[in-house]
Asks: 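I'd like to ask some things about the structure below.
Values below: all heavy atoms of this structure, side chains included; hydrogens, waters and symmetry mates excluded.
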Amino acid sequence: MRKTMIKIFIMLLMLTGCQQKAPELPFKNYLDTIMIEMIDETDIAINLLFNDPSTFGIEPTEYEFGFATESDYEEAHTFYQDTIKTLKSYQDLDQQQALDRDVLVSYFESQLENVKFYDYEAGSVLGYNRQMVANVPTYLEVYEFRTEEDVDRYFNFIETLPAYYEQILELELNRQKNNTGLGQEVIDETIKMAENLVEAASKDDYFLVRLFNEKMDEATFNGESYKSEHQTLIKTQFVDSYKLLADGLGQIKAKETAGLYYLKDGRKYYNYLLKKNTGLNMNVKEIKTLLGNQLDLSISKIVNFNEEEINQLYDDNFFPHYLSGLDLLSALFNDMKADFPEIEPVNYRLQMVDPSMAESASPAYYFTPALDYDGTSPQHIFINGQHDSKLYTTYAHEGFPG
C-alpha cells in the first residue's frame, strides 16, 4: 500500500498528499485532509507527531516498521500525480495560500521520479549514521506512554523489527547485484553499530530498559506489570534484529565506496537528489558556477581581514566558557534577542546521546515537537558527548536560535 512507502517520510516529519477534488473542500480543509489521509495508522511517528491523534481523526493501531516494496512506490507515484492536479486546481487563493500550494506542488513533483531509483530510495534506511536502522533506539527513547494502548503499540513495533530487518537485508543483497548497494566501509561501520547495540542491549541496565521503567513509574496507569515484558523484548526481538543485521551484512563482500558516479544510474540519481534537496531548478554545471562565484566573493572578503583577526578563530578562548550545556543554551536564548524576534520561554530537555550509540550518532540533533504541542512535554535536544564550550555553534544550531 502507498501508506507503507510514505511511512519513511512521515517518520522524518514530512508532509504528504491525498486525492480529494478541489471543489469539495475549502483549501485550508483540504490541507488538513492531506496530512490525515496519508498517515499510516501503524506508523510509530504518530506518537511523536501528536499528543492526541484522535482529535485529528487518526486512530493508531499497533505500530510496526513496514517495508516499502517497488509496487508501493509505483502506487505512490500515481497518487502524487493526482494530488498535484488537485492542488493546482485551487486558483482563487490569497498570497499565503498560493505560496503553500506552490510549495506543496514543488515537493510532490520532487517525489515523482523516486520510483525510478527504488534501490537507492528504499535502501537509504540502511547505514550507520542518521539512517533509520541506527536511529530506532532514539525513537524508542523519546516515545511517550500516555495510555496503556501506547505500551501495546510500542511492544508491537519492537516485535516486528526482526522481520523488517530481514527484508532490508534481502534488498541490500539485490542492491549489491544491481551495483546500487552500500560500499564495504559503510557496511563495516553498520555492522559495528549493530554489534554495539547488541552488546549494550543485552545488559540488564541498558538505557532503554532504565528509561522505560522510569516512565512506567510516572505513568497515569499501573505500569509495573509491563517492566519485565519490556526487558524480555529488548533482550530478544530487539537484540535479535541487530544480530540479524550484523550477521547478514557480514556475508556481503562489496567494493569500497567510489561515489554515485560509478554506480548504476548514479549520475541520474545525483541530479535527482540535487534538485529535490536544494529546491533549485539548476543543473550541476550551473550550481558549480554559482558556488564558484560565491567562493571568490568569500575569499575576497577574507583577505581583507588582518592576521590578528584570523588567529582569534583558533584561540582556545574564542568562545565564552560555560559550566554546562544548559548554561550555554540559556545564554544563547538571551543573546539571540538582539538579532531575532523574541519568543516565549521553551520547555526543553538537554540529553546526552547514550554511549552505545555515540560512535554512529550525529554530533547533535533534536525532535520536532508534536503538531498539537501545548508546552507541557519537554522538547528533546540531544548532544553527542560531554559538554564542551567549543561546541557553541553546535548548541546554537540544534538549540537557539536553531
Side-chain angles (χ1 to χ4, degrees), residues 1-20 29-69 72 75-76 79 83 125 132-133 135-165 167-168 208 211-212 214-216 218-223 225-227 229-230 232-234 237-238 241 366-380:
M1 296 297 292
R2 66 169 186 273
K3 287 190 177 183
T4 303
M5 196 282 284
I6 298 299
K7 184 180 294 187
I8 294 171
F9 299 131
I10 295 297
M11 293 186 77
L12 296 174
L13 306 186
M14 290 183 176
L15 189 62
T16 47
C18 82
Q19 300 184 51
Q20 294 256 358
N29 298 93
Y30 176 64
L31 294 188
D32 292 338
T33 306
I34 285 178
M35 175 188 69
I36 298 169
E37 180 70 16
M38 287 308 301
I39 290 181
D40 190 323
E41 296 83 356
T42 67
D43 189 350
I44 194 173
I46 292 174
N47 183 268
L48 309 179
L49 281 171
F50 306 99
N51 288 319
D52 184 5
S54 64
T55 61
F56 292 83
I58 300 168
E59 297 298 335
T61 60
E62 292 183 325
Y63 297 137
E64 60 184 42
F65 209 153
F67 180 78
T69 65
D72 292 327
E75 186 178 349
F79 191 82
T83 304
V125 300
M132 285 306 303
V133 295
N135 288 334
V136 165
T138 303
Y139 277 92
L140 299 180
E141 179 179 0
V142 300
Y143 188 96
E144 296 282 350
F145 298 98
R146 303 177 183 94
T147 66
E148 290 192 76
E149 287 76 12
D150 286 325
V151 181
D152 294 332
R153 295 164 190 153
Y154 170 94
F155 282 177
N156 192 76
F157 180 82
I158 297 175
E159 289 168 353
T160 64
L161 285 178
Y164 173 75
Y165 284 10
Q167 292 172 303
I168 285 295
L208 285 181
L211 284 175
F212 180 87
E214 292 173 1
K215 291 178 181 180
M216 289 302 99
E218 298 170 357
T220 57
F221 52 86
N222 182 10
S225 61
Y226 294 112
K227 294 180 180 180
E229 183 179 357
H230 176 253
T232 299
L233 280 175
I234 292 295
Q237 275 92 336
F238 183 84
S241 66
Y366 65 91
F367 276 83
T368 304
L371 296 178
D372 53 348
Y373 179 70
D374 58 8
T376 56
S377 300
Q379 298 182 45
H380 300 274

Asks: If you define the side chain from C-beta out and look only at heavy atoms, does anything of E59 sit under 4.5 Å from S54?
Replies: yes

Asks: Is the backbone of T69 close enough, under 3.5 Å, to the side chain of D72 for a donor and an acceptor to pair up by distance?
Replies: yes

Asks: With side chain to side chain contact (heavy atoms under 4.5 Å, CB included) as the criterion, how do Y164 and V125 come out once you've worked through the C-alpha distance, each side chain's angles and the decisive distance to 0.1 Å?
Replies: CA-CA 11 Å; Y164 173 75; V125 300; 3.3 Å; yes

Asks: If you compare all heavy atoms of P162 against all heavy atoms of S241, which two are closest, and at what distance to 0.1 Å?
Replies: N-CB, 3.8 Å

Asks: With side chain to side chain contact (heavy atoms under 4.5 Å, CB included) as the criterion, how do Y63 and I46 come out once you've worked through the C-alpha distance, each side chain's angles and the decisive distance to 0.1 Å?
Replies: CA-CA 9 Å; Y63 297 137; I46 292 174; 3.8 Å; yes

Asks: State the CD1-CG distance between I58 and L49, to the nearest 0.5 angstrom.
Replies: 8.0 Å

Asks: For F212, run the ring pair (Phe, Tyr, Trp, His ring centres under 6.0 Å) check against F238, Y154, Y226 and tell me which one passes.
Replies: Y154

Asks: Among N156, D40, I44, L161, find the one that has a side-chain contact (heavy atoms from CB on, under 4.5 Å) with E64.
Replies: N156

Asks: Kindly indicate whether the side chain of F56, heavy atoms from C-beta on, has any atom under 4.5 Å from the side chain of I39.
Replies: no

Asks: Distance check, rounded to the nearest 0.5 Å: Q379 atom CD versus Y366 atom OH?
Replies: 9.5 Å

Asks: Is it true that a side-chain atom of K215 and a backbone atom of Y143 form a donor plus acceptor pair closer than 3.5 Å?
Replies: yes

Asks: As an exercise, state the distance from CG of L208 to CD1 of I158, rounded to the nearest 0.5 Å.
Replies: 7.5 Å

Asks: What's the separation between atom CZ in F157 and atom CD in E62, rounded to the nearest 0.5 Å?
Replies: 13.0 Å

Asks: To the nearest 0.5 Å, what is the distance between OG1 on T160 and CZ on F155?
Replies: 13.5 Å

Asks: So which pairs with a foot in residues 151-164 pass salt bridge (charged side-chain N to carboxylate O under 4.0 Å, His left out), sequence neighbours left out?
Replies: D150-R153

Asks: Nearest 0.5 Å, please: how far is NE2 in H230 from CE in M216?
Replies: 8.5 Å

Asks: Taking side-chain contact (heavy atoms from CB on, under 4.5 Å) as the test, write out the residues that go with N51, two or more places apart.
Replies: R146, A370, D372, D374

